Every structure is written in C-alpha cells, then in structure tokens.
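In what follows, a structure is listed as structure tokens, so that the remarks can point back to it.
Chain identifiers are assigned alphabetically (A, B, ...) following the order of the sequence lines, protein sequences preceding nucleic acid strands; residue numbering begins at 1 within each chain. The shown structure was predicted, so the numbers you read here are calculated from the model rather than taken from an experiment. We use all heavy atoms of the structure for the numbers below, so side chains are in, but hydrogens, waters and symmetry mates are not.
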There are 2 protein chains.
Amino acid sequence: MPVSERVAALETRRPKRADAARNFDALVAAGRAAFAEQGSAASLDDIARRAGVGIGTLYRNFPTRDDLIETLYLGEVDALADAADEVAELEPWAALRAWLDRFVAYVGTKHALLDGLNRESTVLGECRAIMLSAGEPLLVRAQAAGEVASDVTIGDVVKLVSGVAAVAYEDAAQRDRVLNLAINAIRL
Amino acid sequence: MPVSERVAALETRRPKRADAARNFDALVAAGRAAFAEQGSAASLDDIARRAGVGIGTLYRNFPTRDDLIETLYLGEVDALADAADEVAELEPWAALRAWLDRFVAYVGTKHALLDGLNRESTVLGECRAIMLSAGEPLLVRAQAAGEVASDVTIGDVVKLVSGVAAVAYEDAAQRDRVLNLAINAIRL
DNA sequence: CCTCCGAACGGAGAGTGCCTCCGTTTAGAG
DNA sequence: CTCTAAACGGAGGCACTCTCCGTTCGGAGG
C-alpha cells in the first residue's frame, strides 16, 4: 500500500459536515501554531480559543490531548515520507545521508514529533511504521552498495539519529560534530 | 577544587535549624521517591504530603519546581562522579566504556536527570560541569592510548551517549545494538 | 529552667489547565 | 420550509501550582 493511502487511512477523523470540517481544520492549524510556539506544554484551552471554537468542540474532535498530537504528527510524517522520494536519485550513501539530515532538521523544529516517536499509541505506531518504510529503501540501497553495515536496521538508524537530534547542544558546531559522529557510526 | 567541595558549595540550600533541616531532608527523600515512581510529572502537593510537611514548607525550601529538581539532580551527579573513580584502574578504553555504561544505566532509571541535562540553569550548568570534569580524565587517557579520536571532547561524548540513552527502544537488544554503535563511533 | 522573638510552619485560596456534561444552535436532507 | 440528528460551546468539577499570612516553636540569652 503506497504511503499516501496509508496516511489517508488514518485521516478518518475529519468530519464531513461543512461547519464541523471547518472547525476541525481550524483546530489543526491552531494546534500546529501553538505547539510550534510553546512546545509540548501548549494549552488546549488556548488552542480552542485561537481556533475560535469552544473547548467542547476541541474535545469532540480530539477526545484526548494525545489524539490532537497524533493528528498533527501525521502531517509531519507525511512530509518526511515525501522527502525520501526527493532524495532517491542521489548516490546510495548520499541519499541516505540527505534523508537523515532532513529528518534531523525536521525534528529540530517540530519537537513534538520527537515526543511522539517515543510514545505508546496505535496511530503513532502506524506513523512510525510509515516513516520507517519510507526510509528503508534508502538504507537497503546503501547496504547493497557496501556503504553501510548489513546488520543495522532502519529502526536502529532512526533511533540513533533521533536520540542524537533531541539533545540540546552548546552550539551548532557541537551539534554537527556529534551528529556526524553518530551518522558515520553506521558507515562501513 | 575536588568534586566533593564543588558539590558541597552547591548544597548551601539546607537550612540549619533542627526542624527545618529535618523537613528539608524529608522533602528530598520524598521527592526522590516520587520522581522515581511517577517520572517528571510527580505532583508537588503529593511530595509535600509524603514528606509529612505543608505545601508551604516545600515552597520555602524550593521556590520553584526546578529548584527541587536541581537538588535531586545534584545527588545523582555526585554518584556519577564517584563512578569515575571506581573505574579508574581499568585499561583506558575499558574504563571509559565502563563509565559510559554506568552513565547510561543511571540515566535509564533516573529519567529526570536527562531532562536536567538539557535544561537551562546556573546550578544545573555547574552540575554538568562537575560531571564532565569527572569523565574527562577517562577520555583523555583513552585518547592518549590512541583508542579514541583526539578531536572529540568529553562534552561531545556525553551529549552523544545521553541522546541515545534517552530514546525508547523496542527491546533491550535494540537498545544495546544502538548504544554500541554510538559508543564505538568515537573509537579509532 | 524560663522567656521571648524571629524563623519556620502549613493550609486556605487564587489562578490556570484538563476534561465532562448538557442545554442550545444549526446544517442540510426531504 | 420543516425538522432532526449532528455539532456547538461554555459552565463547572477536579487537580495542580504557587502565594500569603496567621500560628507555632526552636533555641539563644538571662
């Protein structure tokens, strides 16, 4: 099943009545903005206010805080899966490396994604799986080209890189140094 | 200045009047227990209750939530600094590796420590510095023995390892695989 | 041993956030 | 245009953080 379909299958949340769909979209937009600004501590009351709907409406669409986060997360996973296609024409190692860099950059701005990566949840698990299957061909190709150890899995690589990407560094130079260290660790 | 003194210098919080000192200790013990059980979401009300003191007393000793966390953190840093001495007699690489393993194990159980590692704060900054100077000799020795690349700093190593230690893994095997990957990344 | 005062105590209450419940409104099918 | 099921939204209950201040008590001085 292609990625787009797998993502669509998870998007069953969006209601069909015109007003409800409008509110759903407003909530997602407000949620995205709030989490970007205030990190994972964003207040749901505040998100409802920004979206111009009552708190009740927020909770009807997203019964728990995690439900909302899951929906936001879905969009980000989607973007990451697209990135895997975009780098497909590069040389094997360069392609994998470029995707991982993209992953790191993405994770840096959207910190909520990282929290999600470690969280327990059916939807989030499926998201993780979607992302891993987007990256896997890149890893396999690099392994086939003899550039990466054959005993690492895409799951290992993502855990490694996401762990390193989550840390707060002194400065950009240290960040790059450590990130290089980590990514080169899988290289033969 | 030896580690014990640097730690002591940060312990100026503890009050001197008998009842106050008793309460301070009770709060620290309760805090340690609560954070161990419930993670970083532990409630301060609950901690005060466990310690058998009023919430007011908690706040007098620790004006903010972070003040309490800092104090708990201090004890953990202390333990890690001791660990560096304990492994000093091993071979250069083995000693560094053993200390990092200890670090990872510690961080695994006391998750609050990791949050602290990334947080902005004077006291926490000093704690970090204490921990780094405890680990540095081990790294330098391994570098002198030609076992570790000479251009990595102890700061880099700790960031790398703590990032990787913070991730939630599928199982212990994956955790070990990725951890090995990361630690061997600095090896020559 | 007693007095006394400033340090320490502790809990009521204000502020804020999460989430539920239910009376009111409204989209859109017939 | 009517009518009903779906959607709305905010008041209110509960939990937690933090402040404020009247009450208690440790321990120094007599």
Determine all donor-acceptor pairs shorter than 3.5 Å in which one atom belongs to a side chain in residues 18-32 of chain B; sequence neighbours excluded.
{"residue": "B/Asp19", "atom": "OD1", "partner": "B/Arg17", "partner atom": "NE", "Å": "3.0"}
{"residue": "B/Asp19", "atom": "OD2", "partner": "B/Arg17", "partner atom": "NH2", "Å": "2.9"}
{"residue": "B/Asp25", "atom": "OD1", "partner": "B/Arg14", "partner atom": "NE", "Å": "2.9"}
{"residue": "B/Asp25", "atom": "OD2", "partner": "B/Arg14", "partner atom": "NH2", "Å": "2.6"}
{"residue": "B/Arg32", "atom": "NH1", "partner": "B/Leu72", "partner atom": "O", "Å": "3.4"}

Sequence neighbours excluded - salt bridge (charged side-chain N to carboxylate O under 4.0 Å, His left out) pairs with any residue from residues 50-63 of chain A: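 The answer is A/Glu37-A/Arg50, A/Asp46-A/Arg50.
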Minimum side-chain heavy-atom gap B/Arg128-B/Val158 below 4.5 Å: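 No, too far: nothing below the 4.5 Å cut-off.
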Flag side-chain contact, heavy atom, 4.5 Å: A/Phe35 against A/Ile69: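 In contact.
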Partner set under side chain to side chain contact (heavy atoms under 4.5 Å, CB included) for A/Ala144, not counting sequence neighbours: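 Partners of A/Ala144 under the side chain to side chain contact (heavy atoms under 4.5 Å, CB included) test: none.
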Under-4.0 Å side-chain N/O to phosphate OP1/OP2 contact, A/Thr57 with D/dA7: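 Answer is no, no contact under 4.0 Å.
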Would you kindly give the [atom1]-to-[atom2] distance between [X] and [N], to the nearest whole Å?
X	N	atom1	atom2	answer
B/Leu58	D/dT19	CG	P	12 Å
A/Phe24	D/dC8	CZ	C1'	16 Å
B/Arg22	D/dG26	CZ	P	8 Å
B/Leu68	D/dC18	CG	P	11 Å
A/Arg49	D/dA11	CZ	P	12 Å
B/Ile47	D/dT17	CD1	P	8 Å
B/Asn23	D/dC25	CG	C1'	12 Å

Using distance only, find each side-chain donor-acceptor pair of residues 177-188 of chain A under 3.5 Å and give its atom names and separation, not counting sequence neighbours.
{"residue": "A/Arg177", "atom": "NE", "partner": "B/Asp156", "partner atom": "OD2", "Å": "2.7"}
{"residue": "A/Arg177", "atom": "NH2", "partner": "B/Asp156", "partner atom": "OD1", "Å": "2.8"}
{"residue": "A/Arg177", "atom": "NH2", "partner": "B/Asp156", "partner atom": "OD2", "Å": "3.3"}
{"residue": "A/Asn180", "atom": "OD1", "partner": "A/Arg97", "partner atom": "NH1", "Å": "2.8"}
{"residue": "A/Asn180", "atom": "OD1", "partner": "A/Arg97", "partner atom": "NH2", "Å": "3.2"}
{"residue": "A/Asn180", "atom": "ND2", "partner": "A/Asp176", "partner atom": "O", "Å": "3.2"}
{"residue": "A/Asn184", "atom": "ND2", "partner": "A/Asn180", "partner atom": "O", "Å": "3.1"}
{"residue": "A/Arg187", "atom": "NH2", "partner": "A/Glu147", "partner atom": "OE1", "Å": "3.3"}

Nearest-nucleotide 5' precedence on DNA chain C, A/Asp19 against B/Asp19: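 Looking at the nearest nucleotide for each, B/Asp19 comes out on the 5' side.
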Residues which pass salt bridge (charged side-chain N to carboxylate O under 4.0 Å, His left out) with B/Glu170, listed by chain and number, not counting sequence neighbours: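 Salt bridge (charged side-chain N to carboxylate O under 4.0 Å, His left out) check on B/Glu170 returns nothing, list empty.
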Any residue meeting salt bridge (charged side-chain N to carboxylate O under 4.0 Å, His left out) with B/Arg102, in chain and number order, not counting sequence neighbours: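 Expected list: B/Glu86.
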Heavy-atom protein contacts under 4.0 Å, nucleotides 18-25 of chain C, coded B base, S sugar-phosphate only, - none: BBB-----
Contact list for DNA chain C against residues 26-37 of chain B - heavy-atom distance below 4.0 Å: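 When residues 26-37 of chain B is checked for heavy atoms under 4.0 Å from DNA chain C, there are no hits whatsoever.
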Nucleotide nearest B/Ala20 (side chain, heavy atoms from C-beta), chosen from C/dG28, D/dA7, C/dA8: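 Nearest to the side-chain atoms of B/Ala20, counting from C-beta on, is C/dA8.
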Got a list of side-chain donor-acceptor pairs under 3.5 Å for residues 51-59 of chain A, not counting sequence neighbours?
none

